[in-house]
Amino acid sequence: MIEKEKILNAYIFRHACKLFDTEKKISDSDMQFILQTAQLSPSSFGFEPWHFVVVQDRGLRKKLKEQAWGATAKLDTASHFVICLTMKFPLMKYDSEYIENFMRDVQKLPENVIESKGKMYEVFQKSDFNLTDERKLFDWAAKQCYIPLGNMMTSAAMIGIDSCPIEGFNQEISNTILKEDLGIDTSLYGISYMVAFGYRVNEPRPKTRRNISDFVTFK
Ligand SMILES: Cc1cc2nc3c(=O)[nH]c(=O)nc-3n(C[C@H](O)[C@H](O)[C@H](O)COP(=O)(O)O)c2cc1C
């Protein structure tokens, strides 16, 4: 087991890094490690409603920068810049081909379980969580995409790598850029967030947070 103090130190080390050292690159094996913690993240029914695009192309970064007000210095300086694509309605709906193939090919479920799990997923979407329109389903899938985000940032911090989560961009314009430049099918995927990784230039301000007793109630 890892000592609690070491784990907490990684949480303190992690901060929203504004500027990265352009001389320092994350190694392939460290990046692979970070992505593995995304891979191992939990998701509802285990359907992994995400895809990550690692944007290393300078031209594409420049294009994104024009409207990504929360990412400008990060797009210029991050060693690795990741965009999280969330699966949309045609992929995530209970009766989609993606879901059926996923249960068969990835989860390796037998046919009778595929049928019963599929039915449960249908009830969940229709009545339990009322995921009845495209926007609701996208937001539900996007919520899950933030779990790998947290895991990637924490695992990066554990090996001394800095990060910054980013929502400071225009979703529609960014989606259009990915469609035009990378051929991403935006009827199937939409950007939920971006996240930059690299090595800090400046030390962060000390953390400010509420006390635990101010946001947790034990009853
Ligand atoms: C979902 C989300 C979106 C964020 N978007 C941005 C952003 O666009 N640009 C930025 O510099 N920081 C962004 N942040 C960083 C937050 O401002 C930061 O996490 C918060 O102020 C707490 O500071 P700390 O992370 O350094 O502890 C974002 C954080 C989250 C969780």
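Since we're looking at a predicted model, the values are computed, not measured.
Within a 6.0 Å sphere centred on CG of Leu40, other residues, nucleotides and ligands contribute more than 12 heavy atoms. For NZ of Lys207, the number of neighbouring non-hydrogen atoms (other residues, nucleotides, ligands) closer than 6.0 Å is greater than 12. Within a 6.0 Å sphere centred on CG of Leu8, heavy atoms belonging to other residues, nucleotides or ligands number more than 12. Annotation: Lys179, atom NZ; neighbour count of heavy atoms from other residues, nucleotides and ligands within 6.0 Å does not exceed 12. Annotation: Gln32, atom CD; neighbour count of heavy atoms from other residues, nucleotides and ligands within 6.0 Å does not exceed 12. The number of heavy-atom neighbours closer than 6.0 Å to CG of Asp105, taken from other residues, nucleotides and ligands shown, is above 12. Residue Arg58 places its CZ atom among more than 12 non-hydrogen atoms of other residues, nucleotides or ligands, all under 6.0 Å distant. Atom CD of Glu172 has 12 or fewer neighbouring heavy atoms from other residues, nucleotides or ligands inside a 6.0 Å radius.
Trp50 contributes atom CH2, which lies 6.5 Å from atom SG of Cys145 (distance to the nearest 0.5 angstrom). For the atom pair CG (Leu64) and CG (Leu178), the distance works out to 6.0 Å, reported to the nearest 0.5 Å. Note that the CD1 atom of Ile83 and the OH atom of Tyr189 stand 14.5 Å from one another [nearest 0.5 Å]. From Asp21, atom CG reaches atom NZ of Lys25 across 9.0 Å, with rounding to the nearest 0.5 Å. Rounding to the nearest 0.5 Å places CG of Asn130 at 10.5 Å from CZ of Phe124.
One hydrophobic cluster, built from ILVMFWY side chains closer than 4.5 Å, holds both Phe33 and Tyr199. Using a 4.5 Å cut-off between side-chain heavy atoms of Ile, Leu, Val, Met, Phe, Trp and Tyr, with links allowed through other members, Tyr193 and Met31 fall into the same hydrophobic cluster. Residues Phe129 and Ile147 fall into different hydrophobic clusters, defined by Ile, Leu, Val, Met, Phe, Trp and Tyr side chains chained together at heavy-atom separations under 4.5 Å. The same ILVMFWY cluster, assembled from side-chain heavy atoms under 4.5 Å apart, contains both Leu85 and Phe81. Leu182 and Phe52 are not part of a single hydrophobic cluster, where members link through side-chain heavy atoms under 4.5 Å apart.
Looking only at side-chain heavy atoms (C-beta outward), His51 and Met87 stay at 4.5 Å or farther from each other. In this structure, the side chains of Trp140 and Gln144 come closer than 4.5 Å at one or more pairs of heavy atoms. Side chains of Asp133 and Phe89 form no contact here, defined as non-hydrogen atoms less than 4.5 Å apart. Using a 4.5 Å heavy-atom threshold, the side chains of Lys18 and Asn202 count as separate. Within the 4.5 Å cutoff, the side chain of Phe169 has heavy atoms near those of the Ile191 side chain. The closest side-chain heavy-atom distance from Glu66 to Ile177 is not below 4.5 Å. A heavy-atom distance below 4.5 Å is not found between the side chains of Ile99 and Tyr94.
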Problem set entry | Stepwise side chain to side chain contact (heavy atoms under 4.5 Å, CB included) check, Val82 with Ile34 | CA-CA 11 Å; Val82 177; Ile34 292 168; over 6 Å; no
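Under the 4.0 Å criterion applied to side-chain N and carboxylate O atoms, Lys143 and Asp139 are not assigned as salt-bridge partners.
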Which atom pairs, donor and acceptor, lie under 3.5 Å between side-chain atoms of residues 109-121 and protein residues at least two apart or in another chain?
| residue | atom | partner | partner atom | Å |
| --- | --- | --- | --- | --- |
| Glu111 | OE1 | Arg104 | NH2 | 2.9 |
| Glu111 | OE2 | Arg104 | NE | 2.8 |
| Glu111 | OE2 | Arg104 | NH2 | 3.4 |
| Glu115 | OE2 | Lys119 | NZ | 3.3 |
| Ser116 | OG | Asn112 | O | 3.3 |
| Ser116 | OG | Val113 | O | 3.2 |
| Lys117 | NZ | Phe45 | O | 2.9 |
| Lys117 | NZ | Gln107 | OE1 | 3.2 |
| Tyr121 | OH | Met92 | O | 2.7 |
| Tyr121 | OH | Gln125 | NE2 | 2.9 |

For residues 155-167, dump all side-chain donor-acceptor pairs below 3.5 Å to protein atoms at least two apart in sequence or in another chain.
| residue | atom | partner | partner atom | Å |
| --- | --- | --- | --- | --- |
| Ser155 | OG | Thr37 | OG1 | 2.9 |
| Ser155 | OG | Asn151 | O | 3.0 |
| Ser155 | OG | Met152 | O | 3.1 |
| Asp162 | OD1 | Arg200 | NE | 3.1 |
| Asp162 | OD1 | Arg200 | NH2 | 2.7 |
| Asp162 | OD2 | Arg200 | N | 2.9 |
| Asp162 | OD2 | Arg200 | NE | 3.0 |
| Glu167 | OE2 | Tyr146 | OH | 2.4 |

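Remark: Asp76 engages Lys65 in a side chain to side chain donor-acceptor pair (under 3.5 Å) (not counting sequence neighbours).
For the pair Ser43 (side chain) and Glu48 (backbone), a donor-acceptor distance under 3.5 Å is present. Using a distance-only test at 3.5 Å, with no hydrogens or angles considered, a donor-acceptor pair links the side chain of Asp57 to the main chain of Gly59. Formation of a donor-acceptor pair under 3.5 Å by the His80 side chain with backbone atoms of Ala78 is not found in this model.
Using cut-offs of 30° and 60° for the angle between ring planes, the Phe47 and Phe102 rings count as perpendicular.
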